[in-house]
**Student:** 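A single structure is presented below for examination.
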Amino acid sequence: MVRIERPRGTRDLLPDEMERRRSVESIFRRVVDRWGYGEVKTPTFESLDLFTIKSGEGIIDEIYAFVDKGGRQMALRPELTAPVMRLYVESFQVSAKPCKLFYFDNCFRYERPQKARFREFWQFGVELIGSDQPEADVEVIALAVEILSSVGIEGELRVGNLDIIKSIIKGLSSVEQACIMRLIDKNDIVGLEDYLKEIKAPDPLSENLLSLIDLKGRDALEEALKITGDLPELDRFSRTLELLDALDVEYIVDLGIARGLDYYTGMVFEIYSDKLGAENQICGGGSYRLAHLFGGRDTPSTGFGIGFDRVMEICNPPLRKTTTLYLVSFDDTRTEAMKIAQKLRKHTRVHIDVMNRKFKDQLRHANTIGADFVLIVGKDELESGKLTLKEMRSGEQELLTLEEIIERVEE
RNA sequence: GCCUGGGUAGGGUAGCUGGACAUCCUAUGGGACUGUGGAUCCCACGACUCGGGUUCGACCCCCGACCCAGGCCCCA
C-alpha cells in the first residue's frame, strides 16, 4: 500500500491550531470592519496573464501554473492584489470612491519551503482604491499597524517612496530602471554599482542614487531634498510622514525599500518582526496602479498584504473557554441520554459515548478528553427526575434537574 | 535553484561503522473492573522514507530520489 503524503510546502491544520487561527482571523475582521472595509472573495485560480502582466519577472517562475482541459493557461493565485483589482474593474469601477476592500485567502507559490514560508499560505490584506492622496497612504499604513497590534504584534515599520528614486533614474530606459529597482530591492549595493558602470550611467546620477537609497531614519527626507531638489513627490511624502506622526505611528524612513512586485508606484512600506527567522517580513504594501492593465480606467490604489501564517508564528491569541460536558449513560438509558444531550447542546458543548463503552470507561474517557463535567444518566436518575452532575476537577457531584444543570454549565 | 543538518510505530526514543522474531516510553483500542475518572497490571495495535548498489547477509556502508528543519535567494 502506498502512503499518500501531503504535498511539499503545505500543512494540515489541526483543531487546536485552527482554533488559534480563527481567533486571530476574527480579531482582524473586527478591525477592518471598524475601518469600513468590505470583504471580497476571488477564485483560487485565475488566468495566468493576470499575474504575468505586471507583477514582475520574479513571480513567474514561482507560480503554480497549469493548462486546463480547454487549453487555457491558468494559475493558482500567488497573491491577491491583482485578482482584487480585476474584480474591482469588473464590479466596482462606477461605484463611489474610495472603494475599500479586504480579503483573507490562501495563495500559492512554488518556492523552497522553510520557516514561515510555505507553498500554500494565507494572506490577509486590504485595497483602498481610488485615491492617490497621502491620506490614503496613511490610512492603509495605520490600518496595517493596528491590525498587527490588535494581536499584540509590534513590528518594525519601514516606509519608503519609489517616486523619489524613480525621479533620479527617469532618464534611463525602462529595462534599465526595472533592473535597478530589482537590485535596490535585493539590497545588492555592489551589484548596483557594477550595473551603473555597465550601463555607463552619468556620475551624478549614480552618486545621487546610491546616496539616496542609503538614506534612513529621521533626516532622510531633508537629505533627499538636497539630492533631488524640489520635487512634488517629496512634498507628498513629507505630508505622509507628517500624518503618520500625527497618528503616533512609529516608522523608519527607508528609501532603500523597493518591493519585489513591479506594480508599486509611490509610497511603499514593509513591517518586520524580530521574532521570526530568515522570513521576518510580516506585512508589505504600498501604492500602485493596476486597474488600467485589466481593462479599467487608470486608478490609483494603495494596499497591503499580511502574511497570516507568519503572524500565527509569533502571536498568542486569546482562546474562548467552553464548558465541556460528558454525558455518561447505560444500555437501558442510552436513548434518553441522547435526547438529553440534544437539549443541552443548545447551551454548551456536549459529548456522549458512541463507542458502547462501559460505565467506568466512559468516565475514564471523559477524564482524558478534559471534560469539565460528567452528567450521569442512569435508571435511578431518570426515575427520580434528576440527573447526577459531577464536576471532574473537584470530584463533587449532586443530583440536579435539567434546568439546574443548564444554569450551572452556562456560568 | 544552491548550501548545511536530519529521516526507526501517531508522538518521543534505543539499536549501527553488517548477523536471527528491532528496544523502551507514551498515545490509542480492549481487559482485570456488574453505577464513579486520573493509578496499576495484562493484551492488542503499530516503524527501520523510497529505489538502486556492495555483501552469504543491510535499519546500519555507498549512490540517488523524496520529505523534514534551518540558511541563501526571493517574498508574505
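Lettering of chains follows the sequences in order, A, B, ..., and the numbering in each one begins at 1.
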**Student:** Keeping the roles fixed (side chain from A:R77, backbone from A:D105), state whether a donor-acceptor pair exists under 3.5 Å.
**Tutor:** no

**Student:** Among the nucleotides B:G29, B:U36, B:G31, which one has an atom lying closest to any side-chain atom of A:K358?
**Tutor:** B:G31

**Student:** With the threshold set at under 4.0 Å for non-hydrogen atoms, list the residues of residues 347-354 of chain A touching RNA chain B in residue-number order.
**Tutor:** none

**Student:** Mind checking A:I306 for me? I need base, sugar-phosphate or nothing, with any heavy atom below 4.0 Å counting as a touch.
**Tutor:** nothing

**Student:** Do NZ/NE/NH1/NH2 and the carboxylate oxygens of A:E25 and A:R29 come within less than 4.0 Å?
**Tutor:** yes

**Student:** Within 45° of the ring axis of A:Y110 and under 6.0 Å from its six-membered ring centre, is that where the NZ or CZ of A:R119 lies?
**Tutor:** yes

**Student:** When you get a sec, tell me which of B:G30, B:G37, B:G31 is the closest nucleotide to the side chain of A:M355?
**Tutor:** B:G30

**Student:** Please give the distance between the P atoms of B:A65 and B:C24 as a whole number of Å.
**Tutor:** 37 Å

**Student:** How close or far is atom P of B:G11 from atom CG of A:D12, stated in whole angstroms?
**Tutor:** 13 Å

**Student:** Whole Å only: how far is the CZ atom of A:R364 from the C1' atom of B:U40?
**Tutor:** 10 Å

**Student:** Should the pair A:R20-A:E17 be classified as a salt bridge under the 4.0 Å nitrogen-to-oxygen rule?
**Tutor:** yes

**Student:** Could you tell me the Watson-Crick or G-U partner of B:G7, where both distances fall under 3.5 Å? Say none if there is no partner.
**Tutor:** B:C66

**Student:** Taking atom P in both B:G19 and B:C61, compute the distance separating them and give it to the nearest angstrom.
**Tutor:** 11 Å

**Student:** Starting at the 5' end of RNA chain B and moving along, which residue's nearest nucleotide shows up first, A:L363 or A:Y110?
**Tutor:** A:Y110

**Student:** Are A:E90 and A:R86 ion-paired here, with the side-chain N under 4.0 Å from a carboxylate O?
**Tutor:** yes

**Student:** When you check the gap from the basic side-chain N to the acidic O, do A:R310 and A:E313 get nearer than 4.0 Å?
**Tutor:** no

**Student:** I'd like the P distance from B:U8 over to B:U13, given in whole Å.
**Tutor:** 9 Å

**Student:** Assign A:D380 to base, sugar-phosphate, or nothing according to its heavy-atom contacts below 4.0 angstrom with the strands shown.
**Tutor:** base

**Student:** Taking A:Q123 for its side chain and A:E79 for its backbone only, find out whether a donor-acceptor pair lies under 3.5 Å.
**Tutor:** no

**Student:** Would you mind classifying the nucleic acid contact of A:E396 as base, sugar-phosphate or nothing, using non-hydrogen atoms under 4.0 angstrom?
**Tutor:** nothing

**Student:** With a 4.0 Å cut-off on heavy atoms, is A:R357 in touch with a base, just the backbone sugar-phosphate, or nothing at all?
**Tutor:** sugar-phosphate

**Student:** When you check the gap from the basic side-chain N to the acidic O, do A:D361 and A:R364 get nearer than 4.0 Å?
**Tutor:** yes

**Student:** What integer number of Å spans the P atoms of B:U49 and B:G30?
**Tutor:** 31 Å

**Student:** What string of B, S and - do you get for nucleotides 68-73 of chain B, 5' to 3', when a contact is any protein heavy atom under 4.0 Å?
**Tutor:** S-SBBB

**Student:** When both hydrogen-bonding distances must be under 3.5 Å and the geometry is Watson-Crick or G-U wobble, what is B:A27 paired with, if anything?
**Tutor:** none

**Student:** Please answer whether B:A76 and A:F308 are stacked, defined here as ring centres separated by less than 5.5 Å and planes angled under 30°.
**Tutor:** no

**Student:** Which is true for A:G395 with a 4.0 Å heavy-atom rule: it touches a base, it touches only sugar-phosphate, or it touches nothing?
**Tutor:** base

**Student:** Does A:F330 reach a base, just sugar-phosphate, or nothing at all? Heavy atoms under 4.0 Å.
**Tutor:** base

**Student:** How close or far is atom C1' of B:A76 from atom CG of A:L80, stated in whole angstroms?
**Tutor:** 11 Å

**Student:** Considering only the P atoms, how many Å lie between B:A58 and B:G52, rounded to the nearest integer?
**Tutor:** 12 Å

**Student:** Between B:U36, B:G29, B:G37, which nucleotide gets closest to the side-chain atoms of A:F359?
**Tutor:** B:U36

**Student:** Measure from CD on A:Q362 to C1' on B:G37 and round the result to the nearest Å.
**Tutor:** 12 Å

**Student:** Could you tell me how far B:A27 sits from B:G12 if I compare only their C1' atoms? Round to whole Å.
**Tutor:** 10 Å

**Student:** Is it true that A:D309 and A:R117 have a side-chain N and a carboxylate O under 4.0 angstrom from each other?
**Tutor:** no

**Student:** Between A:I369 (CD1) and B:G38 (C1'), how many Å, whole number?
**Tutor:** 14 Å

**Student:** If you define the side chain from C-beta out and look only at heavy atoms, does anything of A:E270 sit under 4.5 Å from A:C283?
**Tutor:** no

**Student:** How long is the line joining CG of A:D372 and C1' of B:G37, in whole Å?
**Tutor:** 14 Å

**Student:** Given that both distances must come in under 3.5 Å, which nucleotide forms a Watson-Crick or G-U wobble pair with B:C21?
**Tutor:** none

**Student:** Are A:R236 and A:D163 close enough for a salt bridge, meaning some N to O gap below 4.0 Å?
**Tutor:** no

**Student:** Is A:K360 side chain donor-acceptor paired with the B:U36 base, going by distance under 3.5 Å alone?
**Tutor:** no

**Student:** Can a donor-acceptor pair be found, under 3.5 Å and without considering hydrogens, that links the side chain of A:S23 to the backbone of A:L319?
**Tutor:** no

**Student:** Can you tell me the Watson-Crick or wobble partner of B:C48, both distances under 3.5 angstrom?
**Tutor:** none

**Student:** Quick one: A:Q397 CD to B:U36 P, roughly how many Å, whole number?
**Tutor:** 10 Å

**Student:** Mind checking the C1' distance from B:C59 to B:G7? Whole angstroms is fine.
**Tutor:** 12 Å

**Student:** How many Å lie between CD1 on A:I63 and P on B:C75, as a whole number?
**Tutor:** 14 Å

**Student:** Can you tell me, in whole Å, how much space there is between the C1' of B:C42 and that of B:G64?
**Tutor:** 46 Å

**Student:** Both distances below 3.5 Å, Watson-Crick or wobble geometry, any strand: find the nucleotide opposite B:C33.
**Tutor:** none

